[in-house]
Colleague: 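Please find one structure pasted underneath; my questions will follow.
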Amino acid sequence: MSNLKELCSGLPLDPMPSNRGRDPSVPHAPARTPNLTPEEERLALRNALRYFPPSHHNILAAEFAQELRQYGHIYMYRFCPLIHMRAYPIDQYPCRTRQAASIMLMIMNNLDHAVAQFPQELVTYGGNGQVFSNWAQFRLVMYYLSEMTEEQTLVMYSGHPAGLFPSLPSSPRAIITNGMVIPNYSSREQYEKMFALGVSMYGQMTAGSYCYIGPQGIVHGTMLTVLNAGRRYLGSDDLRGRVLVTSGLGGMSGAQAKAAVIAGCVGVIAEVDEVPLRKRHEQGWLMEVTSDIEHCIQRIREAKRSKAPLSLGYHGNVVDLWERLLTEYERTGELLVDLGSDQTSLHNPFSGGYYPAQLSLHQANQLMATDPARFKTVVHESLCRQVAAINKLSEAGMFFWDYGNAFLLEAQRAGAEVEKEGGGATEFRYPSYVQHIMGDIFSLGFGPFRWVCTSGDPRDLTLTDDIAATVLEEISANVTERVRQQYNDNIRWIREAGKHRMVVGSQARILYSDQKGRVCIALAINQAIADRRAPVVISRDHHDVSGTDSPFRETSNVYDGSAFCADMAVQNFVGDAFRGATWVSLHNGGGVGWGEVMNGGFGLLLDGTEEAAKRASLMLNWDVSNGVARRCWSGNSNAYETIQRTMEEQRQLRVTMPYPVQDEDVLDRALLS
């Protein structure tokens, strides 16, 4: 297949493409272990075959059964297209509406081999963040989008296209849900079965919502985290000569190397898999690579002394690195690390998200497939070793935080010493970065706004960068002191973004901004499009002010007992849908893992029209105010001030405000009576 028109023509059945199996030139997802019964295997096969007429079942049944038994899932490799998967300019997509074309562009970007972690398994990032469950779904979705009018909506059930349904021109063109499972059945074990059966899917955050923009999507947030960690823990945002040790160079975690250098520090990132490590090095995100732990220690010492920014990839296990740093401290008294974190995919600890120190990569992949129970034990042993080394280095003066990847949650389940004496249900020995570093940013309405230039032209990205910077500079002249630092950080980021070579895949940009900033940037970009520029898709990470209810990450600093409630994320999804989004999504899982999170997102096409401006203003204002109002009600003083100021600026906004208990003795007397 060589062109988009053929790609969008539906399932190729007469003739079917040849079955080429897995492409050995790209990385592949580890085999899954759903532990299906014989009857469940029959059901999985029956479910997969229903995409095809009976005349094809004899051929497909045998190969689908082989995929299921060999890989734990039916990916339908036969139907993986040969086309170069990338975000083509929007006008090249064969469709009836540009709204549909914008979705097609974003889907193909998620599956670009330069972007996706395991492209043939339709995994964008995080080890198991699926765009679709199989290739038949991909082809049907592209067909439906090419046929869609502006009076139809594509309905997506966990990767499965239920079809095109009549709707209004003002309705979203796609409604996506991923992993919407009855709560009592939302366990990790049940997920493995449901995914193998082809009836549910883990969409991570921006994989299953088609809004991933490569590792750049988290660079800005990671840079802000590192800068604010320096301010909080080290008393300065001058991080020259300071060392950050962490792990993971895959999808989202690949941002750590670039963010460390932009922040000015020495970033040392361990990665067990040489493929993503080399990929980040070739893309320019990683400055140096070594597999020699002694050379790694030497380079840390040299970089500390020279105070030169450095991103150093250590090809090895992070547990070994932590233990070697501890040995160096115990031997010499020199603490070589100032800041520590972890970005392994511990939401998926037993299926390739975490590799234990006791095993090589190959050995681990074998054991997780042949003896899952033993592999789980080995993972727990490794986590306990990792935490033991981190604890001792922290006692010596290093500052460690959880990056919202379920590291502390899984370490606790493994029996590691991460308990916080007297802590609440969402608190551990070390804080989540939301609790100590990013929480106030969310409460002020700042979060990861992003956009994609659908022309694919780097000049359009440069133009939108300049527009965003100008808008923020104008707003910053009249902001309060409480948010001035955030504006300064974000202006610095967007003014320097182009020189850092962060684009992987689509011509996209990430920029943390508050409510006013997002609305004003969107309207200014829309005006530029009206002046004969190509359309732009605006979106955000689900990891945002309003998009995610996650008690161990985004809402870990909500202390009124509602941290485990998911009303905010669901309301956000619904509210974005009827306020003008081009597509919306709602997911179970993402970041911390299946059953631990509810999150949602949107995409909105700016095409230069007054209608697009109206949609952007209405939807973006809601998209932020919803979360600030919830955080205000939970007792957050920053959120209280933020939503109070927003109500003064928007007379139609009326939020229920809390009255705090000013005298704790009132509670004591009432409970003693």
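Since we're looking at a predicted model, the values are computed, not measured.
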Colleague: Taking the six-membered ring for Trp and the single ring otherwise, decide whether the centroids of Phe64 and Tyr51 are under 6.0 Å apart.
Modeller: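 That pair fails the under 6.0 Å test.
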Colleague: Kindly state whether the ring of Phe449 and the ring of His220 have centres lying under 6.0 angstrom apart.
Modeller: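 They do not qualify: ring centres at least 6.0 Å apart.
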Colleague: So which heavy atom on Ala136 is nearest to which on Met76, and how close?
Modeller: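 Closest pair (atom of Ala136, atom of Met76, distance): CB-SD, 3.5 Å.
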Colleague: Decide yes or no on side-chain hydrogen bond (donor to acceptor under 3.5 Å, both in side chains) for Asp292 and Thr290, but give the supporting numbers first.
Modeller: CA-CA 6 Å; Asp292 184 338; Thr290 182; 5.7 Å; no
Colleague: Under the 3.5 angstrom rule, does the side chain of Thr225 hit a backbone N or O of Gly221 as a donor-acceptor pair?
Modeller: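 Confirmed, Thr225 side chain pairs with Gly221 backbone.
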Colleague: Would you call Arg188 and Glu410 a salt bridge, using N to O less than 4.0 angstrom?
Modeller: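 Salt bridge flag = yes for Glu410 with Arg188.
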Colleague: Of all heavy-atom pairs between Gln358 and Ser382, which one has the smallest distance, and what is that distance?
Modeller: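 Looks like OE1-CB, 3.4 Å.
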Colleague: In the structure I gave you, are the side-chain heavy atoms of Asp465 and Leu461 within less than 4.5 Å of one another anywhere?
Modeller: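 Answer yes - side chains close enough.
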Colleague: Main chain of Ile74, side chain of Asn134: is a donor-acceptor contact present, judged purely on distance under 3.5 Å?
Modeller: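 No: the side chain of Asn134 does not pair with the backbone of Ile74.
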Colleague: Do the side chains of Thr548 and Met205 get nearer than 4.5 Å, heavy atoms only?
Modeller: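 Heavy-atom side-chain distance check passes, below 4.5 Å.
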Colleague: Could you pull out the closest heavy-atom pair between Gly352 and Tyr355, with the gap in Å?
Modeller: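 Looking at all heavy atoms of both residues, the shortest contact is O-CE1, 3.2 Å.
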Colleague: For Ser133 and Phe195, which heavy atoms make the closest approach, and how far apart are they?
Modeller: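 Answer, listing the atom of Ser133 first, then Phe195: OG-CE1, 3.7 Å.
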Colleague: How far apart are the closest heavy atoms of Val504 and Ala114, and which atoms are they?
Modeller: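 Looking at all heavy atoms of both residues, the shortest contact is CG1-O, 3.2 Å.
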Colleague: Heavy atoms, side chains only, cut-off 4.5 Å: are His542 and Val597 in contact?
Modeller: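 The answer is no; the side chains never approach within 4.5 Å.
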Colleague: A side-chain contact here means heavy atoms from C-beta on lying under 4.5 Å apart; do Ser351 and Asn128 qualify?
Modeller: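 No. Closest side-chain heavy atoms not under 4.5 Å.
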Colleague: Is any side-chain heavy atom of Val537 less than 4.5 Å from a side-chain heavy atom of Trp583?
Modeller: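 Sidechains of Trp583 and Val537: in contact.
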Colleague: Tell me whether the NZ or CZ atom of Arg86 lies within the 45° cone about the ring axis of Tyr88 and under 6.0 Å from its centre.
Modeller: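 Here Arg86 passes the 6.0 Å and 45° test against Tyr88.
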Colleague: When you measure from the side chain of Arg78 to the backbone N and O of Met16, does any donor-acceptor pair fall under 3.5 Å?
Modeller: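 Pair absent, no side-chain N/O of Arg78 close to backbone of Met16.
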Colleague: Would you say the ring centroid of His347 lies under 6.0 angstrom from that of Tyr202?
Modeller: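 Ring centroids of His347 and Tyr202 are less than 6.0 Å from each other.
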Colleague: How long is the straight-line distance from CG of Leu4 back to CD1 of Ile83, given to the nearest 0.5 Å?
Modeller: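 Between atom CD1 of Ile83 and atom CG of Leu4 there are 4.5 Å.
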Colleague: Which atom pair, heavy atoms only, marks the closest approach of Val199 to Ser158?
Modeller: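 Minimum heavy-atom separation between Val199 and Ser158: O-CB, 4.2 Å.
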Colleague: Decide whether His28 and Glu121 meet the rule of one side-chain donor and one side-chain acceptor closer than 3.5 Å.
Modeller: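 Their side chains do contain a donor-acceptor pair, which is all the 3.5 Å distance test asks for.
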Colleague: Phe602 versus Cys211: any side-chain heavy-atom pair under 4.5 Å?
Modeller: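 No. Closest side-chain heavy atoms not under 4.5 Å.
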Colleague: Would a distance-only check, ignoring hydrogens and angles, find a side-chain to backbone donor-acceptor pair under 3.5 Å from Ser585 to Ile176?
Modeller: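 Not a single qualifying donor-acceptor pair exists.
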Colleague: Between the main-chain N or O of Gly208 and the side-chain N or O of Asn110, is there a donor-acceptor pair closer than 3.5 Å?
Modeller: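 Answer holds: no.
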Colleague: Around atom CZ of Arg20, are there more than 12 heavy atoms of other residues, nucleotides or ligands at under 6.0 Å?
Modeller: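 More than 12 heavy atoms, drawn from other residues, nucleotides or ligands, come within 6.0 Å of this atom.
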Colleague: Under the side-chain contact (heavy atoms from CB on, under 4.5 Å) rule, what do Asn19 and Ile59 come out as? Steps first, then yes or no, please.
Modeller: CA-CA 10 Å; Asn19 183 15; Ile59 295 174; over 6 Å; no
Colleague: Looking at CG of Leu68 and CZ of Arg32, how far apart are the two atoms once the value is rounded to the nearest 0.5 Å?
Modeller: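 Going from the CG atom of Leu68 to the CZ atom of Arg32 covers 12.0 Å.
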Colleague: Give the intermediate values and the outcome of side-chain contact (heavy atoms from CB on, under 4.5 Å) for residues Leu122 and Trp135.
Modeller: CA-CA 8 Å; Leu122 302 109; Trp135 285 104; 3.6 Å; yes
Colleague: Can any side-chain N or O of Glu192 pair as donor or acceptor with the backbone N or O of Thr33 at less than 3.5 Å?
Modeller: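 Checked: no pair found.
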Colleague: Using only atom types and a distance under 3.5 Å, with no angle test, would you say the side chain of Asn405 pairs donor to acceptor with the backbone of Asp342?
Modeller: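 It does hold such a pair.
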Colleague: Is any side-chain heavy atom of Trp493 less than 4.5 Å from a side-chain heavy atom of Ile262?
Modeller: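 Heavy-atom side-chain distance check passes, below 4.5 Å.
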Colleague: Please determine if Glu596 and Arg553 form a salt bridge, counting it only when a charged side-chain N lies under 4.0 Å from a carboxylate O.
Modeller: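 Salt bridge between Glu596 and Arg553, a charged N being under 4.0 Å from a carboxylate O: no.
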Colleague: With no hydrogens and no angle check, is any side-chain donor or acceptor of Asn588 less than 3.5 Å from a backbone partner on Gly595?
Modeller: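 Side chain of Asn588 to backbone of Gly595, a donor-acceptor pair under 3.5 Å: yes, one is there.
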Colleague: Could you check if a side-chain atom of Leu383 sits within less than 4.5 angstrom of a side-chain atom of Leu346, using non-hydrogen atoms only?
Modeller: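 Yes - at least one pair of side-chain heavy atoms lies under 4.5 Å apart.
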Colleague: To the nearest 0.5 Å, how far apart are CG in Leu286 and CG in Leu312?
Modeller: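 Taking CG in Leu286 and CG in Leu312, the distance rounds to 7.0 Å.
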Colleague: Under the ring-ring contact (aromatic ring centres under 6.0 Å, His included) rule, collect the residues that match up with Tyr75, sequence neighbours excluded.
Modeller: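 With neighbours one apart ignored, the set is His73, Tyr77.
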Colleague: Taking Gln216 as the fixed residue, which of Arg501, His500, Arg509, Arg450 is the one that meets the side chain to side chain donor-acceptor pair (under 3.5 Å) rule?
Modeller: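 That would be Arg509.
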Colleague: Determine, stepwise, if the pair Leu321 / Cys296 fulfils side-chain contact (heavy atoms from CB on, under 4.5 Å).
Modeller: CA-CA 9 Å; Leu321 180 57; Cys296 185; 4.1 Å; yes
Colleague: How many angstroms lie between CZ in Arg173 and OG1 in Thr582, if you round to the nearest 0.5 Å?
Modeller: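 Going from CZ on Arg173 over to OG1 on Thr582, the span is 8.5 Å.
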Colleague: With the threshold set at 4.0 Å, does a side-chain nitrogen-carboxylate oxygen contact exist between Arg385 and Asp320?
Modeller: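 Result for this pair is yes, salt bridge flagged.
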Colleague: Whether the side chain of Gln117 engages the backbone of Gly126 through a donor-acceptor N/O pair (distance < 3.5 Å, no angle test) should be reported.
Modeller: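 Present.
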Colleague: What do the steps show when you test Trp594 against Asn348 for side-chain contact (heavy atoms from CB on, under 4.5 Å), and what is the final call?
Modeller: CA-CA 8 Å; Trp594 180 268; Asn348 182 36; over 6 Å; no
Colleague: Hey, what do you get for OH (Tyr157) to CE (Met201), rounding to the nearest 0.5 Å?
Modeller: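 Reported value, rounded in 0.5 Å steps: 14.5 Å.
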Colleague: For the backbone of Leu49 and the side chain of His57, can you confirm whether one donor and one acceptor N or O come within less than 3.5 Å of each other?
Modeller: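 Indeed, once roles are kept as given, a pair shorter than 3.5 Å links the two residues.
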Colleague: Does the separation of the ring centres of Phe375 and Tyr354 fall below 6.0 angstrom?
Modeller: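 Between Phe375 and Tyr354, the centre distance exceeds or equals 6.0 Å.
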Colleague: When rounded to the nearest 0.5 angstrom, what is the spacing between CG in Leu249 and NE2 in His315?
Modeller: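 Taking CG in Leu249 and NE2 in His315, the distance rounds to 10.5 Å.
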